[in-house]
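Notes to accompany the following structure.
Note: hydrogens, waters and symmetry copies are ignored here, and every other heavy atom, side chains too, is used. Please read these numbers as outputs of a predicted model, since none were measured by experiment.
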2 protein chains.
Amino acid sequence: MIQLFNTVYLLKRLSKYIKKINIKKKTTIKDIANVLNISAAAVSKALNDDSRISKKTKKAVKQVAKNLNYQPNHLASALRKGKSNLVGVIVPRTNSNFFSSVIQNIEQVLNKEGYNIIITQSNESYKKECDNIDTLLFTQVDGIIASMANETTNLEYYEKVKAKGIPLILFDRGENDLNVDYIGINDYDSSHVIVEHLVNQGRKRIAHIGGYKRTRIFNNRIRGYIDALKKHNLPLDNELLIESSLTTEDGKEKMAQLLKLKNRPDAVYVASDYAALGALQVLNEHQIKIPEDIALVGFGDEPFTAMVTPTISSINQHSAEIGKQAALTFLSYTKKKTIEQTLNKIILDAELIVRESSNIIN
Amino acid sequence: MIQLFNTVYLLKRLSKYIKKINIKKKTTIKDIANVLNISAAAVSKALNDDSRISKKTKKAVKQVAKNLNYQPNHLASALRKGKSNLVGVIVPRTNSNFFSSVIQNIEQVLNKEGYNIIITQSNESYKKECDNIDTLLFTQVDGIIASMANETTNLEYYEKVKAKGIPLILFDRGENDLNVDYIGINDYDSSHVIVEHLVNQGRKRIAHIGGYKRTRIFNNRIRGYIDALKKHNLPLDNELLIESSLTTEDGKEKMAQLLKLKNRPDAVYVASDYAALGALQVLNEHQIKIPEDIALVGFGDEPFTAMVTPTISSINQHSAEIGKQAALTFLSYTKKKTIEQTLNKIILDAELIVRESSNIIN
DNA sequence: AACTTTTGGTTAAACGTTTAACTAAAACTA
DNA sequence: TAGTTTTAGTTAAACGTTTAACCAAAAGTT
């Protein structure tokens, strides 16, 4: 018995055992226990570095675990512990640089703490978003980090998440009424920064192709735009303020609409880079000089804004920071025993990146 | 007893029960069983539409489940059934249109069959890719669909997956040596199509900024390029064939290198759109006329190729089809009892999208 | 030496399902 | 009517961990 953990002896037992279990596929904690003639509980504790297990045993357990190619069964431990160490992420889509960067940073922070993430896409559809939530709840995620679809106005499904006591963190597209944590940039101020910049460039008729008013962030950008005009004593012209779905296609359409005006704008602030790209294409087609005839500013700092001709000025939304903060906010709940969420906002200052499309003086 | 499932009676039992369980958080199958005075097993069967349960009972069970807001515990059923209904996806990154489209289509097909996916990114790093594999195995995924990182040459980790009997399906970036299923486009032929197109446009000195030879797909593109030159009786000039990491940055560098040649090429075929974009920027900076002085063709049909000036000709990789086929291939294994994977390739024909950057005659 | 504390475990139950094996009652059969 | 089949369940074990409660032996204390 004294020589039980002696290497030579151990190897013998091991090889015997390996033959025996060769038929079944996966090594479990019990297999390790059998090899070492100790209880499964001891193995579990050894693997989790429990203080009640001797160093010698821990070492032996880990050695055998390695030799048997042991892979812990996450499902079993998750079931027993009542937590899955999985966090659900819902985004409208992953193929925008903003969202993919947020996701990357969420992952980075959470992986360090032993959490993994499940990414789902809503494609801006309310129905898909509801399905995603069901999927995530079904998978027993320990938390959900989400940016809401454009379509979403009914918050019932998100209330369901809250009701289950699962931490919910929203970013970018949020909703105050849910009274949960939110991380985003200061949309209202961003509009001010943009208008101010355009005024400084000598612009007098600034149009805004904005998002749907019902989405809070776009509403804030619109409010910011209106108030900033006021601040600079520019009159608000209703035909210069247009609501849009903000796709590239719709950006084209709305820009064409602006060009048809008798009194054209000399600058256009578009609430999304994708729509700004559409606007740019229309302007180029009409051989309108950018920024001399019409200056253009987008929103989101997508990489392509620096690729197109001319390059498009845009607002950097600090995607990395948003991702990190969202993950940290989730982690803060894992340390608490009772989950009592309240409206808790982290608002980052956005930053205007001036590029060719709005750089007139200089 | 006869009136046990009578609605009024049921509601009474229900409300009594709800009060009782109000303290504990989640409804289980046992709670439903208690309300109806039947066994948990019967509830499980009823929910899974087992033939041995009467219609009446099934209806009652589902009703109570709904009222108690029952959410099945995936971990428990996965543990018992020995399958998680989760499929892991590994991609170099999600913020490329190709990968995000593949993912979207994988998801679509698998969701219909009750599977969910876990997306992980390797960021082209071998170490991260190994971590991803461990993560996925740990989460007990039922299969892995992957596109390998640029760095990956050691296949040990993937062998581990195979050894565990977990179906492994590779796409785009694959490796014959693994002897598993692979879905991709015909890279060798694509090079032929591109060279032929450029020859038809009157080009005589065609350069190729290719990927690393060790990555199979890039090697195939290089081989295709060389053989196509031969076929059209064009001499192979070694200074026109450059290996690159294919990032935008490296595309710039390699294009600059080509411009320094005494005898410049009159066409450049770049093995990735991202690198082609870099090349385009350098050409624009040098005020070289595209396509008149130098024609340019990329690879991947990323959306930005249609956004930049001039628009870039590129190869459509059929991302949607690749995603669907990958998912279907995985599903085919779920119907088999023994997993015996062999090298099994699905090769799709790629398609050249001609845009301004290579459209000379016309 | 008699007690107490510490060390290093063991035992058994639990997490929430599923499922093989069993069974009582009802319905059919000859 | 006795035997067989069908229906509609029940019981109990199992999936692989974790953990509360327990305990024997060794070490420390007075």
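- Atom CG in B:L47 sits about 16 Å away from atom C1' in D:dA8, given to the nearest Å.
- Checking C:dG9, D:dT17, C:dT19 against every side-chain atom of A:I53, the shortest atom distance belongs to C:dG9.
- One interatomic measurement links the two molecules: CG of A:D49 to P of C:dG8, which rounds to 14 Å at whole-angstrom precision.
- Distance, A:L68 CG to D:dG16 P: 14 Å, rounded to whole Å.
- At the heavy-atom level, A:S77 lies under 4.0 Å from the strands shown only through sugar-phosphate atoms.
- Of the side-chain N and O atoms in B:S44, one or more sit less than 4.0 angstrom from OP1 or OP2 of C:dT18.
- Although no hydrogens or angles enter the test, the distance criterion places no donor-acceptor pair under 3.5 Å between the side chain of A:E124 and the main chain of A:E151.
- The side chain of B:S39 sits closest to D:dT11 out of C:dT10, D:dT18, D:dT11.
- The interatomic distance linking A:K83 (NZ) with D:dT18 (P) rounds to 13 Å, in whole Å.
- Judged by distance alone with a 3.5 Å cut-off, a donor-acceptor contact links the side chain of B:K45 to the base of D:dT10.
- The CG atom of A:L79 sits 9 Å away from the P atom of C:dT17 (whole-angstrom rounding).
- Closest contact between the side chain of A:T28 and the listed nucleotides C:dT10, D:dA8, D:dT17 involves D:dT17.
- A salt bridge links B:D134 to B:K160: at least one charged side-chain nitrogen sits closer than 4.0 Å to a carboxylate oxygen.
- Dashed line: the shortest gap from a side-chain N or O of A:N48 to OP1 or OP2 of D:dT18 is under 4.0 Å.
- Taking the centre of each ring, B:F330 and B:Y115 come in below the 6.0 Å mark.
- Picking from C:dG9, C:dT19, D:dG16 the nucleotide with the shortest atom distance to the side chain of B:A41 gives C:dT19.
- The nucleotide whose nearest atom lies closest to any side-chain atom of B:I38 is, among D:dG16, D:dT10, D:dA8, D:dT10.
- Taking the charged nitrogens against the carboxylate oxygens, A:K55 and A:D49 have no contact shorter than 4.0 Å, which rules out a salt bridge.
- In this entry the distance linking CD1 of A:I32 with C1' of D:dT17 reads 12 Å, nearest Å.
- With distances taken from any side-chain atom of B:N73 to the nucleotides D:dT18, C:dT19, C:dG16, the minimum falls on C:dG16.
- No side-chain donor-acceptor contact under 3.5 Å links A:K324 to the backbone of A:V109.
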